[in-house]
Amino acid sequence: MPELPEVETVRIQLFLRLKGKTIDSVKIHHDKSVRGDRRFATALKGLRIDDIDRVGKLLIFSFEGKNDLFLLVHLKMTGQLFLIDKSGSRQAAGGHETKHDSTLPNRHTRVEFDLKDGTKLCFNDQRIFGYLKLTDKKGLAAAKDRFGPEPHQGALDFDYFFSRLQKSGRNLKAMLLDQTFVAGLGNIYVDESLFRAGLAPTRAARSLTAAEAKRLLREAAKVLKEAIRHGGTTFQSFKDSTGKKGNYTGKLKVFARQGLPCPRCGHIILKSKVAGRGTHYCPQCQK
DNA sequence: CTTCTTGTTACTGA
DNA sequence: ATCAGTAACAAGAA
């Protein structure tokens with residue numbers, strides 16, 4: 001389940017390999033992945049990739065000489081972007097590997113891009129919740145508007161953060177998962193941020209002191225930056241160790257560590273449901 | 001066989 | 001309006 005650090009990792013890898021390259025053809029293996037857009041393939045044919053941007057967990061491709069056409073890619077939970085060079089070897093992976101995607105394209109490949117230089121880009125998505133969508137300037141602005149500021153690059157103003165928390169009648173877990181409030185955190189990094197800040201996920205947002213809110217914002221920013229630096233977190237099957245993993249996985253302090261001792265105090269980490277999501281926390285360290 | 005999982009949106013009812 | 005809860009989406013694991 002890619003969150004901001006995973007999407008950012010993919011963005012950088014793709015940008016380095018794809019900038020300036022021209023799309024030769026697009027094969028759509030599953031209509032739903034492009035939301036039934038019949039013009040998708042023809043609209044992209046012949047375009048040269050200029051930039052790859054990101055807002056929250058959404059990737060935004062732009063093209064040379066086209067200022068009113070953008071490709072939005074959302075990976076949702078199981079979406080992956082894989083690059084294969086002309087020799088057939090995988091150059092960059094966006095997501096974990098599973099036993100099914102040793103070769104590409106494979107049965108989870110929903111959309112396939114062939115570039116003029118022989119590079120191939122595969123959009124794989126086991127559960128087909130992710131999407132690729134073409135939009136114009138207006139649609140892009142509307143999409144961007146749906147995201148709040150990101151915590152990790154100084155763009156998030158503390159006064160905004162604190163006043164929104166104070167006005168909210170929700171708990172911290174629900175607030176931090178809300179992409180319109182703060183963009184980029186998902187289930188993993190919300191739990192990790194709350195643990196590091198020593199705050200319980202069920203804590204009422206409006207009950208935070210300014211010092212606690214400062215701590216939360218600082219820890220969220222730190223977690224995201226560290227995870228980006230480590231190439232993201234791969235959380236998939238605990239059993240399959242053959243898959244390629246993001247290096248942040250081993251750094252997780254509470255996520256998926258239920259039943260294990262808290263790295264700080266040794267109390268057993270619990271898992272329960274908060275705001276509808278599986279939530280991991282230390283009942284002793286987080287108040 | 002059933003149940004659960006996940007990110008996000010849409011909907012319902014309080 | 002605001003929030004909690006839940007269904008939906010799809011596929012697979014347990």
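Numbered from 1 within each chain, the chains take letters A, B, ... in sequence-line order. FYI, side chains are in, hydrogens and waters are out, and symmetry mates aren't considered; it's all heavy atoms of this structure.
- Atom pair Ile128(A):CD1 and dA8(C):P shows a separation of 18 Å (rounding to whole Å applied).
- Listed pair His74(A) / dG7(B) fails the phosphate criterion, with no side-chain N or O lying under 4.0 Å from OP1 or OP2.
- For the segment residues 272-279 of chain A, the set of residues with a heavy atom within less than 4.0 Å of an atom of DNA chain B comprises Lys273(A), Arg277(A), Gly278(A), in numerical order.
- For the pair Met77(A) CE and dT9(B) C1', the interatomic distance rounds to 12 Å; values are reported in whole Å.
- The CG atom of Leu185(A) sits 7.0 Å away from the CD atom of Gln179(A) when rounded to the nearest 0.5 Å.
- Residues from residues 170-186 of chain A that place a heavy atom under 4.0 Å from any atom of DNA chain C, listed by number: Arg170(A).
- Regarding Lys76(A), its NZ atom lies at a distance of 15 Å from the P atom of dA11(C), rounded to whole Å.
- Taking all atoms of both residues into account, the shortest heavy-atom contact from Asp125(A) to Gly79(A) is OD1-N, 3.3 Å.
- In this structure, Lys57(A) places its NZ atom 9 Å from C1' of dT8(B), rounding to the nearest Å.
- Using a 4.0 Å heavy-atom criterion, one finds that Asp125(A) contacts no nucleic acid atom at all.
- For the pair Arg11(A) and Asp53(A), the salt-bridge criterion is not met [side-chain N within less than 4.0 Å of a carboxylate O].
- Following rounding to the nearest Å, Asp191(A) (CG) and dT6(B) (C1') show an atom-to-atom distance of 13 Å.
- Looking at Asn187(A), its side chain does come within 3.5 Å of a backbone N or O of Gly278(A) through a donor-acceptor pair.
- Between the P atom of dC9(C) and the CZ atom of Arg127(A) lies a distance of 15 Å, rounded to the nearest Å.
- Judged as a ring pair (Phe, Tyr, Trp, His ring centres under 6.0 Å), the pairs with a partner in residues 256-287 of chain A (not counting sequence neighbours) are, in order, Phe255(A)-His280(A).
- Applying the 4.0 Å criterion to OP1 and OP2 of dG12(C), one finds that His108(A) has a side-chain N or O inside that range.
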Between the protein and nucleotides 11-14 of chain B, list every N/O to N/O distance that falls short of 3.5 Å.
none

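- A donor-acceptor contact shorter than 3.5 Å is absent between the side chain of Thr180(A) and the backbone of Asp178(A).
- A salt bridge links Lys120(A) with Glu112(A); the closest basic N to acidic carboxylate O contact falls under 4.0 Å.
- As a whole-Å value, the separation of Leu4(A) CG from dG7(B) C1' is 14 Å.
- The backbone N or O of Ser33(A) lies less than 3.5 Å from no partner atom in the side chain of Arg110(A), so there is not a single donor-acceptor pair.
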Would you be so kind as to tabulate the donor-acceptor pairs closer than 3.5 Å made by side chains of residues 131-138 of chain A, with sequence neighbours excluded?
from, atom 1, to, atom 2, distance (Å)
Asp136(A), OD1, Lys138(A), N, 3.3
Asp136(A), OD1, Gly139(A), N, 2.8

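- For Arg215(A), the CZ atom is densely surrounded, since the number of other residues' heavy atoms within 6.0 Å is greater than 12.
- Residue Gln166(A) contributes atom CD, which lies 16 Å from atom P of dT2(C) at whole-angstrom precision.
- The ring of Phe129(A) does not lie on top of the base of dT8(B); it is either too far (5.5 Å or more) or too tilted (30° or more).
- Checking side-chain atoms of Thr78(A) against main-chain N and O of Arg127(A) turns up a donor-acceptor pair under 3.5 Å.
- Looking at residues two or more places apart in sequence or on another chain, you find a side-chain hydrogen bond (donor to acceptor under 3.5 Å, both in side chains) between Glu64(A) and Arg48(A).
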